[in-house]
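Scroll down for the structure; my scribbles are underneath it.
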Amino acid sequence: MAPSNVPAALLRLLLLATSGLLGPMLSGAAPVEPVEVSLLAGAQEKGAVCLDGTPPGYHLQRGSGGGSGSWLIHLEGGGWCSTLKDCSGRRMSVLGSSNFMKPLQFAGHGIFDSDEIYNPDFYNWNKVYVRYCDGASFAGDAEGQAQDGTTVYFRGLRIYEAITDELMQKGLVNATQVLFTGCSAGGLATILHCDDFSARFPQQVSVKCFADAGFFLDVKDISGERSFWSLYNRVVQLQNVRQVLHKDCLANKEPTECFFPTEIIKSIRTPMFILNSAYDSWQIQNVLLPSSSSPEKSWLSCKDNIGNCNSTQIEVLDEFRNTMINDLNIVEDKAGWGMFIDSCFTHCQTLFRISWNSPTSPRLGNKNIAKVVGDWYFGRSQGVKEIDCQYPCNPTCNSLPPP
């Protein structure tokens with residue numbers, strides 16, 4: 001996905017990210033020092049580099065008190081690049097080079113918040129925000145030549161492995177509780193690496209995975225084309241992601257199909273929580289209504305804001321929702337798993353206080369996301385699997401920021 005056609009929802013996340021994690025704190029809050037970026041040691045020797053060859057980075061904020069032995073590892077999102085031209089272009093941005101990575105502000109931002117009021121279960125944990133600079137959900141291992149003759153490095157898998165190893169040396173190896181998370185393309189990365197990540201810890205350590213807005217669907221766009229499948233196919237081929245795909249899936253299906261969460265979750269053994277909107281704004285704008293499908297003017301208005309969609313268009317969006325619900329049926333039978341599938345027109349809900357835990361957060365079963373995720377992780381309630389009714393049934397969605 002080229003920077004020139006980054007959708008509004010993702011662009012908002014990227015702009016926030018580059019200005020300090022997800023933007024300034026909410027007004028009225030005391031200023032808190034931003035978290036510096038740490039560049040991976042020995043990145044070049046390990047071949048674990050960003051698209052432009054610079055070392056990848058992460059932001060580590062140490063835990064305190066009762067949370068000093070607990071770790072939250074979050075993989076950043078930011079779409080994918082599926083051609084040499086697109087990937088080469090990303091080298092001049094934070095999504096392809098650590099040269100553009102700046103300190104991030106964790107305070108006031110959802111699951112990264114250190115305020116116990118807004119983040120009661122994870123506020124004092126060690127928190128790590130791993131930057132995304134490979135363009136293939138931390139999964140590729142290849143390289144290519146740009147038009148100017150320079151090398152483009154597709155080393156997402158090595159980045160994931162090397163940063164995990166470095167964090168182990170910085171205390172992660174002694175963790176008693178771990179939550180492995182990611183948003184969007186980082187959510188897909190969380191699903192891809194979930195079992196490998198949990199296998200690095202002794203059995204007595206509580207390791208669980210949490211994918212936010214990473215459940216991407218293999219559906220046709222409104223023109224009848226599998227345009228998103230085609231994008232994934234190009235990513236799989238260009239960046240050589242086959243190594244991270246489950247062997248039991250590859251035995252029966254094409255590698256591209258095995259890159260979709262619907263197939264991946266069938267093989268995952270580690271407890272996982274899936275947070276997604278059934279009307280995911282990014283997927284509606286880029287999977288269902290990509291520019292290549294040449295949507296009519298009325299569709300463009302609907303694509304921008306679900307409130308502008310007519311009844312016929314809502315029926316199409318409902319079909320998308322129903323596909324997601326059907327694909328998630330397997331979660332109902334997985335012990336220790338959880339999900340929160342709301343009907344809000346949004347994308348990535350853990351990184352913002354307004355959607356994570358505030359008086360106006362989306363609610364299902366009278367619980368917001370922070371409460372449901374905490375109940376799931378700590379086993380405080382049984383059957384933490386919530387699915388919303390169809391749009392526009394949930395009035396608590398109205399407070400969310402526009403996508």
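We count residues from 1, following the sequence as given.
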For F180, which residues count as a ring-ring contact (aromatic ring centres under 6.0 Å, His included) partner, sequence neighbours excluded?
F197
Full working for side chain to side chain donor-acceptor pair (under 3.5 Å) between N322 and N326:
CA-CA 6 Å; N322 293 339; N326 289 336; over 6 Å; no
Taking the six-membered ring of W376, is the NZ or CZ of K208 close enough (under 6.0 Å from the centre) and on axis enough (within 45°)?
yes
Classify the ring geometry between Y232 and F260 as parallel (under 30°), tilted (30 to 60°) or perpendicular (over 60°).
tilted
Does the plane of the ring in F216 sit parallel, tilted or perpendicular to the ring in W282? Use 30° and 60° as the thresholds.
perpendicular
Under 3.5 Å, is there a donor-acceptor pair between the [X] and [Y] side chains?
| X | Y | answer |
| --- | --- | --- |
| N119 | D115 | no |
| S361 | S358 | yes |
| S114 | Q61 | yes |
| H347 | S184 | yes |
| S88 | R91 | yes |
| T256 | W229 | no |
| S267 | D248 | yes |
| T54 | S98 | yes |
| D342 | Q349 | yes |
| Q145 | T150 | no |
| D195 | T270 | yes |

Quick one: which residue pairs count as a disulfide bond (SG atoms under 2.5 Å apart) with a foot in residues 110-178, not counting sequence neighbours?
C50-C133
Check whether Y377 reaches the backbone of V178 with its side chain - one donor and one acceptor, N or O, closer than 3.5 Å.
yes
So, S198 side chain and V207 main chain: donor-acceptor pair closer than 3.5 Å or not?
no
Where do R380 and D375 land on the salt bridge (Lys or Arg N to Asp or Glu O under 4.0 Å) test, with the steps shown first?
CA-CA 5 Å; R380 292 191 297 244; D375 285 351; 2.8 Å; yes
With sequence neighbours excluded, tell me which residues meet salt bridge (charged side-chain N to carboxylate O under 4.0 Å, His left out) with D388.
none
Is the shortest heavy-atom distance from the side chain of Q44 to the side chain of P55 under 4.5 Å?
yes
Hey, does R90 have a side-chain heavy atom less than 4.5 Å from the side chain of L95?
yes
May I have the step-by-step check of salt bridge (Lys or Arg N to Asp or Glu O under 4.0 Å) for D196 and R200, ending in yes or no?
CA-CA 7 Å; D196 174 84; R200 296 166 184 259; 3.1 Å; yes
Show, in sequence, the C-alpha distance, side-chain angles and deciding distance for D141 and N240, and conclude whether the side chain to side chain donor-acceptor pair (under 3.5 Å) test is met.
CA-CA 6 Å; D141 191 6; N240 182 31; 5.7 Å; no
Using the ring pair (Phe, Tyr, Trp, His ring centres under 6.0 Å) definition, which of the options Y118, Y123, F106 pairs with F112?
F106
Test side chain to side chain donor-acceptor pair (under 3.5 Å) on D318 and Y391; report intermediate values, then the result.
CA-CA 8 Å; D318 285 344; Y391 175 87; over 6 Å; no
Kindly determine whether R155 and D134 satisfy salt bridge (Lys or Arg N to Asp or Glu O under 4.0 Å), including the steps that lead there.
CA-CA 6 Å; R155 299 289 175 75; D134 65 275; over 6 Å; no
Please find out if less than 6.0 Å separates the ring center of F273 from that of F210.
yes
